[in-house]
Amino acid sequence: MTGKCRLPDTYTLIVAEKPKAAARIALALGGRRASKCTYNGVPYWILQAENGGIVIGSAAGHLFGIRPLGKGFPIFTYEWAPRFEVEKKSQHIRKFYDTLRMLAGRASAYINACDYDIEGSLIGYMIIEAFGEPRKAYRMKFSSLTEEELVEAYRRVGEIDLRMVEAGRCRHELDWLWGINVSRALMLSLRRATGQWRVLSAGRVQSPTLAAAVERDMQRRLFVPLPLFTLKVQVEIDGKAYSLEYMGGVFETRGEAEKARSALRKAGTLRVVDASSRRMLEQPPPAFNLGDLQMEASRIYGLSPYKTQRIAEQLYLNALISYPRTNSQKLPSTLNYAGILGRLKEINDYGRLIDTLLEETGGKLKPRQGRKDDPAHPAIYPTGRKPGKLGRDEWRIYDLIVRRFMAAFSKPHVYLRETVIFNAAGMRFRLSGLRIVEEGWRRYYYFKKHREKVIPRLRIGDEVKIRKLGISMTYTKPPQAYTKASLVKWMENVGIGTEATRARITEILFERKYLSTGPRGAVESTDLGINVYGFLKEFFPDLVEVDLTRRFEEYMEQIKKGEVSREKVLGEAKSVLTSLIEAFKPRMGEAGVQLGKSLGLIKPVRKCPICGKESSPDNIYGFCQHHSKALRELRKAEAEWMRRAGIRGVRYARMISRMSLAGRWIREVAGYLSSRGT
DNA sequence: GCAAGGTC
Ligand SMILES: [Zn+2]
């Protein structure tokens, strides 16, 4: 270390959460006077201010983690230790750790400048506690990394936020206590019953997510479609055929549909009672937050949310896009939009499009802002830096972000919704057309298809002849399957996990083989998943509820306000866990047998003739519990099928067994019954 | 080996 990289005799060490933030802080406080240095490849900055030296170093997220003290179950003893000692995969942390230790050794004061939330407070404090002196610690508070805000935050640097630190520690420790203990309960149960060891897990975020996925999949597997009838009316206008939509919806029974059809047949013609055209505006979508990006990448390219996230993180590290782990749909007003668009013009694909955008807006660049916000980061936007060679999927994600950014400045998409309403025999029918007036933002972000449909001009009083008239039988539809992306969206909507963890945590459920994906990315539950969910609901019901996160959040708020101590909250959690575990222990083996059976490790006493799993004692065919349930659902729906369509018995069973809309267990049971003629 | 949360 010579010259500009020699540490000043006295200096304040500013600890940032990540190198990119450290760079922004150095730039804001020192401008060109800040010298960038490296130690083991980790950057830090030195600058001389009026009131002494400043050194800016960086963490890389959490440098400390929890490890158990001792063995066994339950386990309530643990300690905080360097991350690279706790997790093998965290070796890259070491060089950040070493650099901060080196920088902290000779500092005379410390400023925690990590993100202003409980995690950031903890990250910075643990470093200062380990390498420095908490008595000389201060806190910088800011919600964005703009120069003005950083300068102001430094000027107003305050006392260290010990309560925030306590809340952060408490959150980690609570998650650890619940997660590790209940995961061990699962694994020990299985081992007690089968002698086998296998990784199983449960946690505050993953388990409610498992519950949501299993519940939805069960509804689908047990779904019996019911018949519905609609009128199919085709008219001829100027020699062209058009299909009309019956505005009364659907008929439940064939009888009602037939009555309507004969009335219509008698009328023979339809009279136009209303013809209108409505101008519709579709506002531009706001710039992406991570969840929206993951949803769109899944919808358009079939990319999993985790893959999308990893790509976005890489684009961010290559300075092509802003910070991606954000919930915000808002672009900062301080951003130089014209500058970014000007640089994006250099990229072939966007040159002409950006010309159009600048012309269209007349240079007035005001983005559409979304509703969702984030305490520390704006929506995702391109930096304008020209990308090198990107892979196919990398380009796709980058392109989505750029186009969505452009679209945010554009005008509404305008179209005409044309509607003609017909009447005959007291029934109403509709013919709808769509004409695009102005492409607007869809010119830039064209991934949502909008099809034009031309319909003839008609006036009130016009009569048209019915050309074809029929009844078609349709069916009620099962609830939509989750995809990985919609499961992540579900987590976002109920407020569990964070941008950084949601996709990763859903992947854990697939890794554990609790869930799998079927056709078109449909999330399906496995037998193991269903049984792990059953286990948790029975012995640790708190853990499958989203509400546990709400309770955690309330505790953290109370700790932040100083209304309750970390020790008190942890003490309560331990006592709740202790009593749940005491109730669970005597039934550990029995619970393990269920898990063992779901994995095929324990032979059933009596086999379900359909799937070979353990028979349910109350079922005359010897079906397992799932197929017994399916049988009950099938019987329940039979009366309804008879009433609506006059179908029952073997014909009913045969029909259902071939319907792809019917749930899998339902089809299997129907197939079994129809092959036996019952 | 088990969680969830930071970031590389
Ligand atoms: Zn079965």
Side-chain angles (χ1 to χ4, degrees), chain A residues 15-22 40-43 58-68 71-75 78 80 83-84 86-97 99 114-127 167-191 197-210 309-310 312-314 316-318 323-326 376-377 491 496-509 511-512 532 536 540 543 548-549 552-553 556 573 577:
Chain A
V15 180
E17 188 158 320
K18 45 191 175 274
K20 288 218 147 135
N40 290 337
V42 172
S58 175
H62 285 289
L63 298 190
F64 296 85
I66 302 174
R67 73 175 160 206
K71 291 185 184 347
F73 171 76
I75 178 158
Y78 50 83
W80 286 82
R83 282 282 311 284
F84 52 83
V86 177
E87 284 167 45
K88 286 195 191 106
K89 285 181 196 159
S90 299
Q91 293 312 306
H92 56 278
I93 292 292
R94 189 170 221 131
K95 53 183 193 285
F96 287 89
Y97 182 93
T99 304
C114 296
D115 291 354
Y116 192 55
D117 52 37
I118 60 174
E119 300 297 334
S121 293
L122 182 62
I123 291 169
Y125 187 80
M126 294 294 270
I127 290 161
R169 275 187 68 161
C170 191
R171 204 280 306 149
H172 276 262
E173 292 169 9
L174 278 175
D175 273 329
W176 190 90
L177 288 168
W178 274 97
I180 300 299
N181 279 297
V182 179
S183 295
R184 287 185 182 183
L186 278 161
M187 291 183 275
L188 288 170
S189 233
L190 181 66
R191 200 176 66 182
W197 195 88
R198 176 187 173 116
V199 176
L200 297 171
S201 64
R204 172 178 58 84
V205 179
Q206 65 171 260
S207 296
T209 307
L210 174 67
Q309 179 175 348
R310 287 197 321 262
E313 281 164 354
Q314 204 51 53
Y316 160 71
L317 291 174
N318 293 331
Y323 185 85
R325 290 180 290 262
T326 174
H377 306 280
M491 297 165 84
I496 59 174
T498 67
E499 278 63 38
T501 59
R502 285 177 200 125
R504 205 163 62 201
I505 288 171
T506 53
E507 288 300 331
I508 289 173
L509 299 173
E511 234 169 75
R512 302 270 179 269
V532 166
L536 296 175
F540 301 95
L543 209 51
L548 185 61
T549 295
F552 272 36
E553 288 165 349
M556 297 317 118
L577 267 169

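Below, chains carry the letters A, B, ... as their sequence lines are ordered, and counting in each starts from 1. Worth saying up front: this structure is predicted, and the values here are computed from it rather than measured.
Going from atom CD1 of Ile505(A) over to atom P of dC2(B) covers 14 Å, rounded to whole Å. In this structure, Leu122(A) places its CG atom 13 Å from P of dT7(B), rounding to the nearest Å. Distance, His62(A) NE2 to dA3(B) P: 16 Å, rounded to whole Å. Distance CG (Asn181(A)) to P (dC2(B)): 15 Å, rounded to an integer number of Å. Between the CG atom of Leu190(A) and the P atom of dC2(B) there is a distance of 15 Å, rounded to whole Å. One atom, CD of Glu511(A), and another, C1' of dA4(B), lie 15 Å apart when rounded to the nearest Å. As a whole-Å value, the separation of Glu119(A) CD from dA3(B) C1' is 12 Å. Remark: P of dA3(B) and CZ of Arg512(A) are 5 Å apart, rounded to the nearest angstrom.
At dT7(B), none of the side-chain N or O atoms of Tyr316(A) fall inside 4.0 Å of OP1 or OP2 (strictly under the cut-off). Residue Arg325(A) places at least one side-chain N or O closer than 4.0 Å to OP1 or OP2 of dT7(B). Phosphate proximity of dG5(B) to Arg204(A): present, with a side-chain N or O under 4.0 Å from OP1 or OP2. For dG1(B), neither phosphate oxygen OP1 nor OP2 lies less than 4.0 angstrom from any side-chain nitrogen or oxygen of Ser183(A). Between Thr501(A) and dA4(B), a side-chain N or O to OP1/OP2 separation shorter than 4.0 Å is absent.
Among the nucleotides dG5(B), dG6(B), dA3(B), the one closest to any side-chain atom of Ile180(A) is dA3(B). Closest to the side chain of Arg83(A), from the set dG6(B), dA4(B), dC2(B), is dG6(B). Closest to the Thr498(A) side chain, of the nucleotides dG1(B), dA4(B), dG6(B), is dG6(B). Ranking dT7(B), dC2(B), dG6(B) by closeness to the Pro68(A) side chain, first place goes to dC2(B). When distances run from any side-chain atom of Met187(A) to the nucleotides dG1(B), dG6(B), dA4(B), the shortest one goes to dG1(B).
Within the 4.5 Å cutoff, no side-chain heavy atoms of Leu548(A) are placed close to those of Phe540(A). Side-chain atoms of Val86(A) and Ile66(A), non-hydrogen and from C-beta on, never get closer than 4.5 Å to each other. Looking at Val199(A) and Arg512(A), their side chains come closer than 4.5 Å, going by heavy atoms from C-beta outward. Residues Pro74(A) and Leu577(A) form no side-chain contact, since every pair of their non-hydrogen atoms from C-beta on lies 4.5 Å or further apart.
Among the heavy atoms of the strands lying under 4.0 Å from Ile66(A) is at least one base atom, whether or not backbone atoms are also near. Within the 4.0 angstrom heavy-atom criterion, no nucleotide atom of any strand lies near Phe73(A). Residue contacts for Gln314(A): at a heavy-atom cut-off of 4.0 Å it reaches no nucleic acid atom on any strand shown. Nucleic acid contact class of Ile93(A) (heavy atoms, under 4.0 Å, all strands): base. In this structure, Glu313(A) reaches neither bases nor backbone, as no heavy-atom distance under 4.0 Å exists between it and the strands shown. Counting non-hydrogen atoms under 4.0 angstrom, Gly497(A) reaches the backbone sugars and phosphates but no base. Residue Gly61(A) is in base contact, counting any heavy-atom pair closer than 4.0 Å across all strands shown.
Taking only distance into account, the side chain of Arg184(A) meets the base of dG1(B) through a donor-acceptor pair shorter than 3.5 Å. At a cut-off of 3.5 angstrom, the base of dT7(B) holds no donor-acceptor pair with the side chain of Arg310(A).
Judged by closest nucleotide on DNA chain B, Leu200(A) is the one of Leu200(A) and Ala59(A) placed further toward the 5' end. Each of Gln309(A) and His172(A) lies near DNA chain B, and the nucleotide nearest His172(A) is the one positioned closer to the 5' end.
For Arg83(A), the salt bridge (charged side-chain N to carboxylate O under 4.0 Å, His left out) test picks out Glu87(A), with sequence neighbours left out. The side chain to side chain contact (heavy atoms under 4.5 Å, CB included) search around Glu119(A) returns His62(A), Asp117(A), Arg171(A), His172(A), not counting sequence neighbours.
No donor-acceptor pair under 3.5 Å is formed between the side chain of Thr501(A) and the backbone N or O of Gly497(A).
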